[in-house]
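Working notes for the structure below.
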Amino acid sequence: MLRSASPRWTLTVMLGLTTGCFEHFERLETHVAYQSTTQRFAVERRLVNIGPALLGCDTVDNCVAAFDRVLDPSQTIRPDRMALSDKMMRRLRDSGAEQIEISFEPTLSSLDVVVRYEATVGTEAADDTGVLAEWSGRRGRGRYRLVVDAEPSMAPPSHATTRRHARKTPDGLVWVDQWVLPARRRSVTVNTPVGEAESLFTQIPGLRGAMVERGWLEALP
């Protein structure tokens, strides 16, 4: 199996979520497209309806500064002052992700953050998606297929089969489910619900206008 031993970019690892995760965002959508010839993933991760707690901000200026740090990796910030968004982006860049692109997609009252990047199979950036590339066969003949690490809150992909295996943890062995996709399928979308989130634009009045001024969003018609 083409996989490294790094931890996955789950909700707990990626953002360090503790109690009150409903304040951070509503849903995580992960789309992975696999290129077997180059052994690379094209990844799109959408954080749906983010809240102020993700950015660690409570004013327009603080939220703008948090977005500025997300978009500009050259900025430095003390570890004890890092918001969850700072930790998320540091983890992403340290994991080997390439060609990172970040965009904002608003609705009337909420905001989604979309992160796109490429990752070589076997790197932490690829493993953190929870999607694995697997080869099965012998003597040079076989086929690639995608395998998704299952989470209790996730719905299985269509036409996937389930398998269970043992995984060692600090608390002992646990049984983990995986979803195996058909061999010819080269992309998968996984939705992980988090909870009900507080709308960023509702909680921080004036933030939309500030983002429009900086060219991050288009003005409402």
Side-chain angles (χ1 to χ4, degrees), residues 6-34 41-57 63 66-67 70 83-89 91-92 95 97 100-117 119 124-132 146-165 167 169 171 174-181 185 187-204 207:
S6 64
R8 288 181 48 204
W9 193 22
T10 59
L11 295 181
T12 53
V13 174
M14 178 185 72
L15 297 173
L17 297 183
T18 54
T19 57
C21 61
F22 63 89
E23 297 178 350
H24 297 81
F25 60 97
E26 187 174 301
R27 186 173 70 257
L28 175 65
E29 298 177 359
T30 301
H31 179 77
V32 175
Y34 171 54
F41 284 169
V43 183
E44 177 181 299
R45 311 202 81 173
R46 178 185 295 268
L47 281 67
V48 177
N49 189 18
I50 67 169
L54 180 71
L55 304 169
C57 63
C63 290
F67 278 131
V70 167
L84 296 178
S85 54
D86 298 313
K87 296 176 182 179
M88 176 188 72
M89 296 312 301
R91 166 64 187 171
L92 179 61
S95 67
I100 301 172
E101 297 180 359
I102 300 167
S103 61
F104 306 120
E105 297 188 8
T107 65
L108 287 175
S109 61
S110 64
L111 182 71
D112 297 352
V113 175
V114 182
V115 183
R116 299 179 179 89
Y117 59 93
E124 291 181 349
D127 287 352
D128 284 349
T129 63
V131 180
L132 315 174
L146 295 179
V147 179
V148 180
D149 283 343
E151 296 285 350
S153 60
M154 293 160 40
S158 58
H159 307 296
T161 58
T162 302
R163 70 184 183 192
R164 177 169 291 187
H165 67 101
R167 179 175 295 172
T169 70
D171 298 325
V174 296
W175 288 96
V176 179
D177 288 343
Q178 291 182 320
W179 295 315
V180 182
L181 275 63
R185 189 164 170 181
S187 65
V188 62
T189 299
V190 179
N191 291 310
T192 307
V194 178
E196 295 184 5
E198 298 177 354
S199 171
L200 183 65
F201 292 147
T202 301
Q203 296 297 313
I204 313 294
L207 178 58

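Keep in mind that this is a model prediction, so the values were computed, not measured.
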- Carefully, step by step, assess Leu146 and Arg185 under the rule side-chain contact (heavy atoms from CB on, under 4.5 Å). CA-CA 7 Å; Leu146 295 179; Arg185 189 164 170 181; 5.6 Å; no
- Can Leu84 and His24 be said to form a side-chain contact (heavy atoms from CB on, under 4.5 Å), step by step? CA-CA 9 Å; Leu84 296 178; His24 297 81; 2.8 Å; yes
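In this view, Asn191 satisfies the side chain to side chain donor-acceptor pair (under 3.5 Å) rule with no residue, not counting sequence neighbours. Applying the salt bridge (Lys or Arg N to Asp or Glu O under 4.0 Å) criterion to Arg116, with sequence neighbours excluded, gives Glu44, Glu105. For Val70, the side chain to side chain contact (heavy atoms under 4.5 Å, CB included) test picks out Ser85, Met89, Ile102, with sequence neighbours left out.
Here the shortest heavy-atom pairing between Asp128 and Arg45 reads O-NH1, 3.5 Å. Nearest approach of Ile50 to Phe25, heavy atoms of both residues: CA-CB, 3.9 Å. Pairing each heavy atom of Ala97 with each of Tyr117, the nearest pair is CB-CD1, 3.6 Å. Heavy atoms only, all atoms of each residue included: Ala125 and Thr129 are closest at O-CG2, 3.7 Å. Of all the heavy atoms in Ala83 and Gly56, the pair that sits closest is CB-N, 3.9 Å. Scanning both residues, Val131 and Phe41, for their nearest heavy atoms gives O-CE1, 3.3 Å.
Two residues are said to be in side-chain contact when any heavy atoms from C-beta on lie closer than 4.5 Å; Leu181 and Pro157 meet this criterion. Between Ser110 and Glu26 the shortest side-chain heavy-atom distance does not fall below 4.5 Å. Within the 4.5 Å cutoff, the side chain of Val190 has no heavy atoms near those of the Glu151 side chain.
Separating the CG atom in Leu207 from the SG atom in Cys63 is a distance of 5.5 Å, to the nearest 0.5 Å. Atoms NE2 and OG1, on His31 and Thr189 in that order, are 4.5 Å from each other to the nearest 0.5 Å. With rounding to the nearest 0.5 Å, the separation of CZ in Arg27 from OG1 in Thr192 is 10.0 Å. Taken from CZ in Arg46 to CG in Leu28, the straight-line distance is 11.0 Å, to the nearest 0.5 Å.
Asp112 places a side-chain N or O within donor-acceptor distance of the main-chain N or O of Asn49, the cut-off being under 3.5 Å.
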